[in-house]
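Okay, so here's the structure we're looking at.
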Amino acid sequence: MEDIEDLLVGSGGAPPGFRLPLNAVGVNPRKKNKAKPSKVSQMNDPPKIPGTQTIYVKTFGCSHNQSDSEYMAGQLSAFGYAISDNPEEGDLWLINTCTVKNPSQSAMNTVITKCKSAKKPLVVAGCVPQGSRDLKELEGVSIVGVQQIDRVVEVVEETLKGHEVRLLNRKTLPSLDLPKVRKNKFVEILPINVGCLGACTYCKTKHARGHLGSYTVDSLVERVKTVIADGVREIWLSSEDTGAYGRDIGVNLPILLNAIVAELPPDGSTMLRIGMTNPPFILEHLKEIAAVLCHPCVYSFLHVPVQSGSDAVLTAMNREYTVSEFRTVVDTLTELVPGMQIATDIICGFPGETDEDFSQTVNLIKEYKFSQVHISQFYPRPGTPAARMKKVPSTIVKNRSRELTSVFEAFTPYNGMEGKVERIWITEIATDGIHLVGHTKGYVQVLIVAPETILGTSAIVKITSVGRWSVFGEVLESLPQVNVKMAPDKVSNQEKHSPCSNQYECCACSKEPEPCSCGPDICGGQIKLDKCTVSKNDSPMENRASKNPIHWFIRKRRNHAQKKLENDIALGLENEQDWAPGGWGFVDRALLVGIFVSFFMIVAVIMHLEFRTLLSK
């Protein structure tokens, strides 16, 4: 079947999120049995009204795919469909696919087989149909391309009617303002561009996502403002190559990052995570990117795939950088960004990889001891140049993968963290159902036992023990969320983009050490201001305190002093005194003593009156 193009005459398509007329969607009606259905079946299976069915959504692959699924679920939900993660409940299955590796596509094939066995209507979206539209597994099912996600409602409606719909071609990017149902309500996955500028010989994703197409800075900044207002606490910038952003529209990544950082709340309640970037396109912007990574509202974490420690293999992969250039990226960021954490990827057994090539890869990983390394065996993807290269025997590929995995798992990257006090941002519940998951500014995963009411907040924790993949912490203080932007005329440019992660450290991003200008309420280091302590019995302390006049008075005085200190910091005044009850002035002490004296005098008078009443009887 040929691809169905947008068929609206003259209008160029309907606005995102709106239904098109039926004749605007190309459909291929399935052949139906000519036998007339029995009256019994007609009575038992009445036709359902469009928009009342349940859609099962299954996602494979990267965060960009997850964002696409959230956009599709949002549009379907907006039109009345129920979204479920239970396949048994689904009247239709929507599968968003990944084409990076053979296992992910095999998993897709398994789900498709189950769906067909269950005789459920099926829509397949994502990179597999976009990059391999003629796959046998896709015969007889509706498919949606990666840039057609804003028309998923039409495809679902027609598929539920028994039609096969294919929408694959488009020249414009989907709108960022489409309805969205987030898998995690505290995390916004924000695609900043689609496609890339590379031509890696093993990559199938380029066939699906295509050439680089960047969203404008203004549209991305507006989206950031919207999601912050929605209560999002983490923004993940997603892309096939973040470093290439903007090269097709005359801007670059540092311009975008600085524009986004300027919109983040000054209390540090919403954090930014920069997505995966390949070495070639960030080499010229390393200092600017390091300055952004130092900002208190940006995680000091970056995913930079190296894929191999051998220049010969990198050349065969057409990666467009050398091992030396990768080292430059890692060394520069590690030097300029305090607590910097870097994750990387390795492909074992690429065609032509020798024992010496693999040994260089192992030595590179041993040298840097990365806390996160994604190790993969080479999988030839159909239609890629690497699929035609002479393969390394599968037994050797597996042995190399096991060896590198053993080397990596022997690292203990978090050993020095035990006993440290860190600020973390808490966004989800762990899979064990017991712990909550937070991350430090270096994006180290911290597991804590705490009430679910602190989800979506940040807290000060003490690291009590460390594991191989995460650390465990004890909550000391939960930090209140101000989440109110400072007036632009009251905030200097340096304060908006302060490259410090700790107010007690010097800035590592500048040539000469200088004191950090960010206040203690927004820095990622130890917080000296008094914060509300987490209640062990999960009772709201503020509500309890409001019922006690003494507690209310204390809290009001402390809040007043805290606001004064924050204002002093914003004005650039130096004030090294910590605010604590012991640091109150004479007037505060006198008022507190007066309250206690008055309280005891009232009690004494009441007791005296009761005593006289008893004597008179």
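Side-chain atoms of S300 come within 3.5 Å of backbone N or O of L293 as a donor-acceptor pair. Looking only at distances, no side-chain donor or acceptor of S67 sits under 3.5 Å from a matching main-chain atom of L190. Between the side chain of D248 and the main chain of S214, a donor-acceptor pair closer than 3.5 Å is present. Here the side chain of Y245 pairs a donor or acceptor atom with the backbone of Y215 at under 3.5 angstrom. S310 places no side-chain N or O within donor-acceptor distance of the main-chain N or O of D357, the cut-off being under 3.5 Å. Looking at S376, its side chain never comes within 3.5 Å of a backbone N or O of I347 through a donor-acceptor pair. Listed for the T315 side chain is a donor-acceptor partner under 3.5 Å among the backbone atoms of D311. The backbone N or O of E325 sits less than 3.5 Å from a side-chain atom of T322, completing a donor-acceptor pair. Between the side chain of R468 and the main chain of A410, no donor-acceptor pair closer than 3.5 Å is present. A distance-only check finds a donor-acceptor pair linking the side chain of N65 to the backbone of F60 [under 3.5 Å].
Here I375 contributes atom CD1 and D345 contributes atom CG; the two are 10.0 Å apart, rounded to the nearest 0.5 Å. S470 contributes atom OG, which lies 9.0 Å from atom NE2 of H439 (distance to the nearest 0.5 angstrom). With values rounded to the nearest 0.5 angstrom, M72 atom CE is found 11.5 Å from Q148 atom CD. Atoms OG1 and CG, from T226 and L176 in turn, are 9.5 Å apart once rounded to the nearest 0.5 Å.
Summarising the geometry of I189 relative to K180, their closest heavy-atom pair is O-NZ, 2.8 Å, with the distance given to 0.1 Å. Pairing each heavy atom of P338 with each of C294, the nearest pair is CD-SG, 3.8 Å. Of all heavy-atom pairs between T361 and S308, the closest is OG1-OG, 3.5 Å. For the pair V475 and V461, the tightest heavy-atom approach, listed with the atom from each and the gap, is CA-CG1, 3.9 Å. Nearest heavy atoms, S478 versus T457: OG-OG1, 4.1 Å. Of all heavy-atom pairs between P279 and Y321, the closest is CD-CE2, 3.7 Å.
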- Message: With side chain to side chain contact (heavy atoms under 4.5 Å, CB included) as the criterion, how do L404 and F358 come out once you've worked through the C-alpha distance, each side chain's angles and the decisive distance to 0.1 Å?
- Response: CA-CA 9 Å; L404 186 59; F358 178 67; 4.2 Å; yes
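Using a 3.5 Å distance cut-off with no hydrogens or angles, the side chains of T427 and R233 do not pair a donor with an acceptor. Remark: the N318 side chain and the T201 side chain contain no N/O donor-acceptor pair separated by less than 3.5 Å. If you check the side chains of T59 and N96, you find no donor sitting under 3.5 Å from an acceptor. No hydrogens or angles considered: nothing links the side chains of T332 and K287 as a donor-acceptor pair under 3.5 Å. Using a 3.5 Å distance cut-off with no hydrogens or angles, the side chains of E422 and T440 do not pair a donor with an acceptor. Residues S269 and D267 have side chains that bring a donor and an acceptor to within less than 3.5 angstrom of each other. Neither side chain, T334 nor D331, offers a donor N or O lying under 3.5 Å from an acceptor on the other.
Between V227 and the choices E188, E222, E234, the side-chain contact (heavy atoms from CB on, under 4.5 Å) rule is met once, by E188.
Residues R400 and D355 are in side-chain contact: their nearest non-hydrogen atoms beyond the backbone lie under 4.5 Å apart. Taking 4.5 Å as the limit, some side-chain heavy atom of V444 sits within range of a side-chain heavy atom of M417. Between L286 and T328 the shortest side-chain heavy-atom distance falls below 4.5 Å.
Ring geometry for W425 against Y299 counts as perpendicular: the plane angle is over 60°, on a 0 to 90° scale with 30° as the lower cut.
Checked for salt-bridge contact, K183 and E70 miss the test: no charged N lies under 4.0 Å from a carboxylate O.
Judged by the 6.0 Å and 45° rule, R327 forms no cation-pi pair with Y368.
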